[in-house]
2 protein chains.
Amino acid sequence: MNDFEQCPTEGAIGLLSLLITRGRLAEARLDGSLAAAGLTFVKWRALDALIKSETATGLTVLADKLNCVKSNVTQLVDKLEAEGIVRRVPDPGDRRGTLVELTGAGRGLHKAGRDALENATRQLFASFDEDAMASLRRLLILL
Amino acid sequence: MNDFEQCPTEGAIGLLSLLITRGRLAEARLDGSLAAAGLTFVKWRALDALIKSETATGLTVLADKLNCVKSNVTQLVDKLEAEGIVRRVPDPGDRRGTLVELTGAGRGLHKAGRDALENATRQLFASFDEDAMASLRRLLILL
DNA sequence: CATTTATAATTCAATAGTGTACTATTAACT
DNA sequence: AGTTAATAGTACACTATTGAATTATAAATG
């Protein structure tokens, strides 16, 4: 009995159901792979966004990149800051603004997290070839 | 600037990121379409599982069908029962057990919900043809 | 310049979901 | 039968996320 049979399988609603449950499953797996490092996938995505951004990043921009609301980022950054992973610095050009930057520890954790994620990802996509992954990406973007 | 560009786009991790965010997005849309009926997609899936099951359903079985933990179902059924959508009845064959069954109101709500969902689903899959939907289903099942 | 409008971030209350511990009951095994 | 192990459901504390209200600052406009 695989998970597929536990979902409504008929029609488009069943397909969305499958998408949603598979997304949750994937997130749970990734969270599991990051737990040893004290991270979650959401936290890691925040670090990843920070490391990839050319310029220092304000909280609103970060919320956009993480597809969540500002108040969520406020609390996420609270935690990351308490853990010494990021640092808040005032935006020199806008006294309302706060910029977030990685600490050295944060940079190390991002790297460790990426390694863990690459492992977990290989397992999740064990039965995918390059074509299947490209197809999945193309289809998801259509949504 | 579409959502795709807000996700890490590289490699397998990016693809999982895309899957997770698209799943969340889809759920939010479906929840929105059901809000007028006082439902969420999770609630509707519970009703759907109940309506489709041949025999009366215990909470543990329901938890399996909804891919969540038992305590979650306890609380979900608490709410549904308070709203008059389902009813708890003792399992005649096992004094530990509780079975859940739909009320008449619940049956009506399931139908109303399905109509709302079919609408929302059509919009979400606006740019999908039959082939694309079949491909997506086939790929998600591999995960 | 004064006033209105928009924006950055935070606080707080509410909701959904998880995991652990617990109670009651059933099944399994001497 | 008596003890042990497994199972059904619940209670409760904790986390993640959201949305509304609030404060401070910036931008736009009469």
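Residue numbers begin at 1 in each chain, while the letters A, B, ... track the order of the sequences. Bear in mind that the values here come from a model prediction, so they are computed numbers and not experimental data.
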Would you kindly give the [atom1]-to-[atom2] distance between [X] and [N], to the nearest whole Å?
X: A/Arg95; N: C/dT10; atom1: CZ; atom2: P; value: 17 Å
X: A/Leu76; N: C/dT10; atom1: CG; atom2: P; value: 12 Å
X: B/Leu25; N: D/dT18; atom1: CG; atom2: P; value: 11 Å
X: A/Asp31; N: C/dG19; atom1: CG; atom2: P; value: 11 Å
X: A/Asn67; N: D/dA16; atom1: CG; atom2: C1'; value: 16 Å
X: A/Lys79; N: C/dT10; atom1: NZ; atom2: P; value: 14 Å

Taking the basic N atoms (NZ, or NE/NH1/NH2) and the acidic carboxylate oxygens, is any pair closer than 4.0 Å for [X] and [Y]?
X: A/Glu83; Y: A/Lys43; answer: yes
X: B/Arg87; Y: B/Glu81; answer: no
X: B/Lys52; Y: B/Asp48; answer: yes

(message) Quick check for you: among C/dT25, D/dT17, D/dA26, whose closest atom lies nearest to any side-chain atom of B/Arg24?
(response) D/dT17
(message) Per the salt bridge (charged side-chain N to carboxylate O under 4.0 Å, His left out) rule, what does the pair list look like for residues 118-128 of chain A, sequence neighbours excluded?
(response) none
(request) Select base, sugar-phosphate, or nothing to describe what A/Lys43 touches, counting heavy atoms under 4.0 Å on all strands. (result) nothing
(message) Can you confirm whether A/Asn67 sits close enough to B/Arg24 that some side-chain heavy atom of one is under 4.5 Å from a side-chain heavy atom of the other?
(response) no
(message) To the nearest 0.5 Å, what is the distance between CG on A/Leu139 and CG on B/Leu19?
(response) 11.5 Å
(message) Strictly under 4.0 angstrom, non-hydrogen atoms only: write out the protein contact profile of nucleotides 7-14 of chain D, one letter per nucleotide from the 5' end, B, S or -.
(response) BSBBBB--
